[in-house]
*Asks:* 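One structure coming up, written as structure tokens, with questions to follow.
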Amino acid sequence: MVQLTDEQIELYRTDEEGRAYLEYDEIIGGEPIGLTVPFGYPDGVEEMGGVISVYQTCIEQGKTWEELLDYEQPNDADI
């Protein structure tokens, strides 16, 4: 589980995607799915129906989004 401040939790609770992330973090744990500049979301997010759908699938399968999407964080040198 990611250590979030009370302010971050309140911010995540303000929209559907944020609430989906909080549920994901509580059950699976891990960093939120973020946009990668200049590419957008990691490959597979949009194909799966968006961020919320990815979080839901992760919860169902007991996997992190990185495992589900076979995602590896690029090195700073690769960006």
Side-chain angles (χ1 to χ4, degrees):
M1 183 184 304
V2 173
Q3 292 292 89
L4 299 171
T5 66
D6 290 340
E7 292 82 16
Q8 289 171 314
I9 292 170
E10 287 305 314
L11 184 60
Y12 279 119
R13 287 183 180 160
T14 62
D15 65 22
E16 186 178 2
E17 186 175 309
R19 290 187 295 274
Y21 168 68
L22 290 174
E23 181 181 9
Y24 164 83
D25 185 45
E26 183 178 317
I27 295 169
I28 303 297
E31 295 293 326
I33 300 170
L35 293 169
T36 305
V37 175
F39 307 109
Y41 285 114
D43 289 343
V45 172
E46 297 299 334
E47 293 82 356
M48 290 189 67
V51 173
I52 294 170
S53 178
V54 171
Y55 288 141
Q56 290 169 341
T57 302
C58 288
I59 291 168
E60 291 168 6
Q61 295 185 15
K63 296 179 179 180
T64 66
W65 67 265
E66 293 94 341
E67 293 170 319
L68 182 71
L69 300 175
D70 195 29
Y71 175 80
E72 291 186 33
Q73 178 71 30
N75 294 325
D76 288 339
D78 294 339
I79 296 179

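Just so it is clear, the values below take in all heavy atoms, side chains as well, and ignore hydrogens, waters and symmetry mates.
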*Asks:* Could you tell me which residues satisfy ring pair (Phe, Tyr, Trp, His ring centres under 6.0 Å) with Tyr41, sequence neighbours excluded, listed by chain and number?
*Replies:* none
*Asks:* Of all the heavy-atom pairs spanning Val54 and Val45, show the shortest one and how long it is.
*Replies:* CG2-CA, 4.0 Å
*Asks:* Let me check something: do Ile9 and Ile33 share a hydrophobic cluster, defined by ILVMFWY side-chain heavy atoms less than 4.5 Å apart, either directly or through other members?
*Replies:*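 Result: yes, single cluster for both.
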*Asks:* Within this structure, what is the CD-CG distance for the pair Glu72 and Asp70, rounded to the nearest 0.5 Å?
*Replies:*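 Separation between the atoms: 7.0 Å.
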*Asks:* Can Ile52 be reached from Leu35 by stepping across I, L, V, M, F, W or Y side chains whose heavy atoms are under 4.5 Å apart?
*Replies:* no
*Asks:* Specify the closest pair of heavy atoms between Gly29 and Thr64, including all atoms of both residues, with the distance to one decimal.
*Replies:*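 Minimum heavy-atom contact is O-CG2, 4.2 Å.
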*Asks:* When rounded to the nearest 0.5 angstrom, what is the spacing between OH in Tyr55 and CD1 in Ile28?
*Replies:*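 Atom-to-atom, Tyr55:OH and Ile28:CD1 are 12.0 Å apart.
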*Asks:* Can Leu69 and Asp43 be said to form a side-chain contact (heavy atoms from CB on, under 4.5 Å), step by step?
*Replies:* CA-CA 7 Å; Leu69 300 175; Asp43 289 343; over 6 Å; no
*Asks:* Indicate the atoms forming the closest heavy-atom contact of Tyr71 with Thr36, along with that distance.
*Replies:* OH-OG1, 4.1 Å
*Asks:* Rounded to the nearest 0.5 Å, what's the gap from CG on Leu11 to CG on Leu22? Could you check?
*Replies:* 9.5 Å
*Asks:* For Gly44, does its backbone N or O pair with a side-chain atom of Glu47 as donor and acceptor, under 3.5 Å?
*Replies:*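 Between the backbone of Gly44 and the side chain of Glu47 there is a qualifying donor-acceptor contact (under 3.5 Å).
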*Asks:* Between Lys63 and Tyr24, what is the shortest heavy-atom contact and its length?
*Replies:* O-CE1, 4.0 Å
*Asks:* Donor-acceptor check, side chain of Ser53 to backbone of Gly50, threshold 3.5 angstrom: yes or no?
*Replies:* no
*Asks:* With sequence neighbours left out, which residue pairs that include part of residues 8-37 fulfil the salt bridge (Lys or Arg N to Asp or Glu O under 4.0 Å) condition?
*Replies:* Glu10-Arg13
*Asks:* So which atom in Gln3 and which in Gln8 form the shortest heavy-atom distance, rounded to 0.1 Å?
*Replies:*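 Minimum heavy-atom separation between Gln3 and Gln8: O-OE1, 4.1 Å.
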*Asks:* Search all heavy atoms of Leu4 against all heavy atoms of Tyr21 and return the closest pair with its distance.
*Replies:* CD1-CE2, 4.1 Å
